K.L.:
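Below are the structure tokens for one structure; questions will follow.
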There are 2 protein chains.
Amino acid sequence: MVSGAILSDIKLAAELSPRTQRAIAEKAVQVDYMPGIELYQQGDPPSPLHMLLTGRVKLYRQSRDRCQILALPANGDSIGAESLPTGGTSPYAATTLTQVRALVISTVDLQVLLDELPDFQEAFLRLITERLKQFVTLVHDLAFRDVTSRLAMVLVARAEVEGRPQDGGVLFDRLLSQQEYADVVGTAREVVYRTFKRFEDDGLVSMTRRHILIRDLDTLRSIGQQESR
Amino acid sequence: MVSGAILSDIKLAAELSPRTQRAIAEKAVQVDYMPGIELYQQGDPPSPLHMLLTGRVKLYRQSRDRCQILALPANGDSIGAESLPTGGTSPYAATTLTQVRALVISTVDLQVLLDELPDFQEAFLRLITERLKQFVTLVHDLAFRDVTSRLAMVLVARAEVEGRPQDGGVLFDRLLSQQEYADVVGTAREVVYRTFKRFEDDGLVSMTRRHILIRDLDTLRSIGQQESR
DNA sequence: ACCCCGTTGTGACCCAAGTCACAAATTGGT
DNA sequence: ACCAATTTGTGACTTGGGTCACAACGGGGT
């Protein structure tokens with residue numbers, strides 16, 4: 001049981017009727033996670049719903065020693081329970097990248113909400129539809145863009161989401177290691193290193209261990225938009 | 001308005017209450033399409049819902065002269081209207097490969113069904129969830145499997161869906177050109193040719209212009225399952 | 001019977017990006 | 001302050017598969 005006020009921070013719940021919001025607030029539990037915690041794994045039975053308040057999470061698939069990150073949800077996004085409607089297993093895993101605070105609703109309670117509140121079911125449908133579109137975009141990018149272009153896209157996206165204007169550029173926290181950037185764009189760590197080096201040599205970005213400063217967002221964006229293959 | 005009986009052939013509608021089925025049957029119109037007709041394009045406003053009775057369709061994304069096929073829905077599958085819940089634009093295009101017979105429901109009527117019949121909305125949610133899972137699998141395959149493995153998978157899948165046992169193997173119609181196989185697995189036509197040639201030289205398949213005969217389904221399946229990269 | 005156009009067959013060549021094998025730098029834990 | 005574990009830096013080498021350029025084939029239409 002949480003205070004109803006924080007639901008306005010959650011896209012899934014923000015537009016719903018007061019009655020529905022109250023029902024959600026009654027079922028939700030606020031939970032804090034340390035970085036590196038697996039919220040759920042691919043192949044698990046339907047997981048609880050996690051509505052993210054603060055912190056960052058990665059959604060990903062794994063195979064042996066390789067990993068493909070599917071999405072990096074941020075505050076206000078909701079994850080989990082993707083396979084509840086079909087009763088199958090979770091198609092991907094979720095792990096915290098930073099400390100994370102989330103509102104959690106068990107599958108049982110979630111099912112009750114879906115069954116009893118049509119406007120909640122509709123909002124949940126919108127959520128899944130939105131994610132469907134994200135994945136189609138991901139397939140598009142993997143199919144039509146090369147590694148350089150995809151890496152540029154990721155940098156631009158991160159700059160737009162959490163960048164702060166700084167002397168002659170946009171600054172944001174590192175958050176991901178080279179390996180994780182590689183996992184996002186589906187390539188090898190060394191390739192990320194070489195590509196970032198090229199970006200730095202061309203004066204597009206400056207990277208320190210903790211921060212990334214985008215010096216020329218426009219050029220980077222145009223690299224990210226070309227579909228070279 | 002169509003006869004309610006054929007709804008049992010449509011996964012989306014088969015399990016629904018008689019009342020809901022009647023409502024669907026009232027709104028649906030049966031339509032026939034020639035091969036090569038675009039049912040809807042990527043970027044279009046939400047399209048009508050198409051419930052496929054006979055024939056085959058491809059869902060795909062395009063960029064310049066390249067094309068990535070996302071799925072090959074068959075009889076009983078429903079496509080279209082993926083972006084109705086969010087009111088965005090269609091994330092992909094759909095074109096008929098063969099002659100196609102489908103039940104079509106306009107977006108307006110579909111919205112009414114979704115709003116008034118909770119069990120229909122639930123079924124629609126299951127549909128979208130199912131497709132979400134398909135796309136995650138597609139990303140997985142693009143990320144972790146090489147072209148040879150992906151082509152083997154496609155052949156196995158097609159054999160399982162519409163193969164008929166034949167002397168020492170499984171036979172099915174060609175349906176796709178080399179170029180379209182290339183679009184399915186995200187590669188170039190020449191690569192498809194070379195890979196198929198290798199499969200033939202190894203005695204795994206025999207291809208004629210109109211048919212494909214799988215001679216060694218087990219080996220092909222094991223090639224399709226290895227995640228080499 | 002002929003022509004056009006889409007599909008298939010095939011070699012030569014090329015390059016983005018994956019792999020390997022290290023060294024060096026950080027960082028976190030005790 | 002020190003050590004182990006992680007992350008980063010970098011060159012050398014390999015390769016899957018993309019590109020190009022044609023020839024040949026086949027099928028449908030008139």
Side-chain angles (χ1 to χ4, degrees), chain A residues 34-36 58 63-68 95 97-99 141-154 173-201 205-212 223-224 226-229, chain B residues 34-36 58 63-68 95 97-99 141-152 154 173-201 205-212 223 226-229:
Chain A
M34 298 293 293
K58 62 176 176 183
S63 166
R64 323 266 176 85
D65 52 338
R66 302 233 338 32
C67 167
Q68 171 73 51
T95 293
L97 291 169
T98 63
Q99 200 161 323
D141 293 340
L142 289 174
F144 299 128
R145 300 172 134 92
D146 61 20
V147 170
T148 304
S149 167
R150 276 178 276 155
L151 267 180
M153 288 183 63
V154 176
D173 288 354
R174 194 76 153 60
L175 182 58
L176 301 175
S177 67
Q178 285 181 0
Q179 183 58 58
E180 283 168 323
Y181 273 106
D183 295 345
V184 171
V185 302
T187 187
R189 200 214 96 223
E190 294 90 328
V191 179
V192 171
Y193 162 74
R194 295 198 283 250
T195 308
F196 279 175
K197 183 112 189 288
R198 237 178 35 244
F199 287 163
E200 287 205 88
D201 291 349
V205 303
S206 298
M207 304 203 175
T208 68
R209 222 153 253 275
R210 299 221 124 80
H211 299 98
I212 296 181
I223 293 175
Q226 63 195 217
E227 310 203 336
S228 32
R229 44 179 241 192
Chain B
M34 297 295 292
K58 61 176 177 182
S63 167
R64 322 267 174 86
D65 52 339
R66 294 194 106 295
C67 167
Q68 170 73 51
T95 292
L97 291 169
T98 64
Q99 200 161 325
D141 293 340
L142 289 173
F144 300 129
R145 299 173 135 92
D146 60 20
V147 170
T148 304
S149 167
R150 276 179 275 157
L151 267 179
V154 176
D173 289 354
R174 194 77 154 58
L175 183 58
L176 301 175
S177 67
Q178 285 182 359
Q179 183 58 57
E180 282 168 324
Y181 273 105
D183 294 345
V184 172
V185 302
T187 186
R189 200 215 97 225
E190 295 89 328
V191 179
V192 171
Y193 162 74
R194 294 198 283 252
T195 308
F196 279 176
K197 182 110 189 289
R198 235 176 40 240
F199 287 163
E200 287 205 88
D201 291 350
V205 302
S206 298
M207 303 203 174
T208 68
R209 221 155 255 275
R210 299 223 125 78
H211 301 98
I212 296 180
I223 293 174
Q226 61 194 224
E227 310 202 335
S228 30
R229 47 177 236 191

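Everything numeric in this text was worked out from a predicted model, so none of it was measured. In what follows, chains carry the letters A, B, and so on, assigned in the order in which the sequence lines appear, proteins first and then strands, with residues in each chain numbered from 1.
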K.L.:
Nearest whole angstrom, please: distance from the C1' of D:dT6 to the CD of A:Glu180.
P.N.:
12 Å

K.L.:
D:dT7, OP1 or OP2 - any side-chain N/O from A:Arg174 closer than 4.0 Å?
P.N.:
no

K.L.:
Ignoring hydrogens and angles, tell me if any N or O in the side chain of B:Ser63 forms a donor-acceptor pair with the backbone of B:Arg66 under 3.5 Å.
P.N.:
no

K.L.:
Please report the distance, rounded to the nearest Å, between CG in A:Leu175 and C1' in D:dT7.
P.N.:
15 Å

K.L.:
Would you kindly give the CD-to-P distance between A:Gln179 and C:dT19, to the nearest whole Å?
P.N.:
11 Å

K.L.:
Below the 4.0 Å mark, does C:dG9 have OP1 or OP2 next to a side-chain nitrogen or oxygen of B:Gln178?
P.N.:
yes

K.L.:
Starting at atom CZ of B:Arg210, determine the distance to atom P of C:dT7, rounded to an integer number of angstrom.
P.N.:
13 Å

K.L.:
Does a nitrogen or oxygen in the side chain of A:Lys197 sit under 4.0 Å from OP1 or OP2 of D:dG9?
P.N.:
no

K.L.:
Apply ring pair (Phe, Tyr, Trp, His ring centres under 6.0 Å) to B:Phe199 and list each qualifying residue two or more places apart in sequence or on a separate chain.
P.N.:
none

K.L.:
D:dT8, D:dT10, C:dG9: which one has an atom nearest the side-chain heavy atoms of A:Tyr193?
P.N.:
D:dT10

K.L.:
Specify the separation, in whole Å, of atom CD of B:Glu200 and atom C1' of C:dG9.
P.N.:
12 Å

K.L.:
Mind checking the CD-CD1 spacing from A:Glu200 to A:Ile212? Nearest 0.5 Å is all I need.
P.N.:
9.0 Å

K.L.:
Which residue pairs satisfy the salt bridge (Lys or Arg N to Asp or Glu O under 4.0 Å) criterion with at least one member in residues 175-193 of chain A, sequence neighbours excluded?
P.N.:
A:Lys58-A:Glu180

K.L.:
Using modelled atom types and a 3.5 Å cut-off, is there a donor and acceptor pairing between side-chain atoms of A:Arg145 and backbone atoms of A:Gly224?
P.N.:
yes

K.L.:
Return whichever of A:Arg66 or A:Arg209 has its heavy-atom-nearest nucleotide of DNA chain C closer to the 5' end.
P.N.:
A:Arg66

K.L.:
Could you please name the option among C:dT8, D:dC20, C:dT27 that lies closest to any side-chain atom of B:Glu190?
P.N.:
D:dC20

K.L.:
Where the side chain of B:Thr195 meets the backbone of B:Thr148, is there a donor-acceptor pair that is under 3.5 Å apart?
P.N.:
no

K.L.:
On a heavy-atom basis, which atom in B:Gln68 and which in B:Gly186 lie closest, and how many Å separate them?
P.N.:
OE1-CA, 3.4 Å

K.L.:
Taking N or O atoms only and anything under 3.5 Å, show me the protein contacts with nucleotides 13-17 of chain D, one pair per line.
P.N.:
| from | atom 1 | to | atom 2 | distance (Å) |
| --- | --- | --- | --- | --- |
| D:dG17 | OP1 | B:Val147 | N | 3.1 |

